[in-house]
Amino acid sequence: MSYRSTDVDILDEDQLFQHELFTFAGGSELEPDVALKNVQAKGVDVRNFLTRGNTEKALTTAIENPPYGSNTTDAKDQNTKIVMEVLNSLKATDVSSIVKNLTLDQQDILMKYIYRGMASPELYNSAVLLNWHEKLTEVAGVGCIVRVTTDRRTV
Amino acid sequence: MSPTEIHQLNLGPITAHAFNKDRSQVAICPNNNEVHVYQKSGKGWNLIHALVEHDKLVTSIDWAPESNQLVTCSQDRNAYVWTFDSVTNKWKPTLVLLRINRAATFVRWSPNENKFAVASGARCIAICYFDEENDWWTSKHLKKPIRSTVLSLDWHPNNVLLAAGCADFKARVFSAFVKGVDQKPPPTPWGDKLPFNTICGEFSNDSSGWIHSVSFSPSGDALAFSGHDSQICIVYAGGESQNIIRTTSLPYLSLLWITEEKLIAAGHDCVPVLFEKQGQLWKFSKVIDVGKKKVVTEATAFNKFQGWDSKGIREGSKETELNTIHQNTITSIRPYQGSRNDISYISSSGIDGKLVVWDLK
């Protein structure tokens, strides 16, 4: 709408910025290079766990320490890819038991990645993600979904 | 007293409600710029006064039990203190100088009723007190370090400390000591030197949601707050650790301690829920809504066809009613009966326009 074309908040000397909210939420910005390197190292670990058949460990490694922040887009994309690989490689029948063994923090992060994956249906298999979503919601409830939508530390 | 009472006072939402001291009258805002005062008659309520002075939505109401004064605040950036004139049988409004440039969101009388606090979208809290010299209600602002809209407030029993829940994901404890109005308070675990705007605590829930509600425990030594991340946090003054209850349900909009070890929360789930301290840990205890549990009958073929025949609809096909008393989000819960450290009845109101009095025993 036309009256919205003027950004009146600019005139407010005390305005609140997105990056401040991120800090209030307990997030700290990472250097893009460092974040990407960390994720790549993580990817190697995850692949090792997968080849050894230790899928649970692969999942928990893939979702730990996500590269939060506003300038880590590459690292985020890379990390999402790794998580999706793990989710796709697990048998649909194992999902329930794996989800139950996750800590509350891990459940919340996993839910973030499930939504992240569903946001790009052209890249990731939504059917698999919906199965994970269903099983995770059974365990963690709608509270988990609400936390994904409120958290400023996005994946 | 009868068990849980349900009153449908408005077809739309009730944005705020407050009872008088003997619970014979209740003031509500029916989701517009008016405040309606109802008088109890038998089992129902009769509308006796409509208080029309605000020109935008009334966001919060509080009724001082002893001085029998109402205070209301609104999105029109004003607050009014209402006094009842028994001669003319009318409520007389007095404008309060809030000096804010955004909507007022929440108002509460202090325990001694000589001050009240108004939260606002102007990133400040106005602490209002009566200025005898000029014969009006004036205010001082708590500003730093609030960075966003303040959504809820709660007074400490000592009349000086004030908790505020804020949309910048923080719950804070401030000193709202006003020179000349307050006596110097005895030391508390939150601090002993308490000039105006001292920050006695700043807390955050670790997955960041704006804080919907704050509540002091009966003793004032503990503070509970709930955020939009469906978590409830309980912190003790001077204690290092935060008790975080990560719930599986929708966010809670209102909190109320009923004893030092019991906390009621209500919100988007449409039911009040009890949390209890067990040992050192806080845990979910039970849902307080036994009013209307649906009778689950055996789904025999006979019942099924009988249902089609008598109702003309398939069971479950046109289900629009929730299995709870409140049919929509509960926005406010308040004490109804009992002392501060042992509340036996609470009242709740919400978007469904119902006012419910719950028997907790």
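Chain naming here is simple, since letters A, B, ... match the order of the sequence lines and numbering starts at 1 in each.
Atom CD of A:Q40 has more than 12 heavy atoms from other residues, nucleotides or ligands within 6.0 Å.
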Would you list the atom pairs in which one atom of chain A and one of chain B form a donor-acceptor pair under 3.5 Å?
from   : atom 1 : to     : atom 2 : distance (Å)
A:D14  : O      : B:R123 : NH1    : 3.3
A:D14  : O      : B:R123 : NH2    : 3.4
A:D14  : O      : B:R147 : NH1    : 3.3
A:D14  : OD1    : B:R147 : NH1    : 3.1
A:Q15  : O      : B:R147 : NH2    : 3.1
A:E20  : OE1    : B:R147 : NE     : 3.3
A:E20  : OE1    : B:R147 : NH2    : 2.7
A:E20  : OE2    : B:R147 : NH2    : 3.0
A:L104 : O      : B:R246 : NH1    : 3.4
A:D105 : OD1    : B:R246 : NH1    : 3.1
A:D105 : OD1    : B:R246 : NH2    : 2.9
A:D108 : OD2    : B:R246 : NH1    : 2.8
A:V142 : N      : B:T248 : O      : 3.0
A:G143 : N      : B:T248 : O      : 2.9
A:R147 : NH1    : B:D229 : O      : 3.1
A:R147 : NH1    : B:T247 : O      : 3.2
A:R147 : NH2    : B:T247 : O      : 3.3
A:D151 : OD1    : B:S208 : OG     : 3.3
A:R153 : NH2    : B:D206 : O      : 2.7

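Residue A:V148: no heavy atom, backbone or side chain, is found under 4.5 Å from chain B.
Taking 4.5 Å as the heavy-atom cut-off, none of the residues of residues 76-84 of chain A approach chain B.
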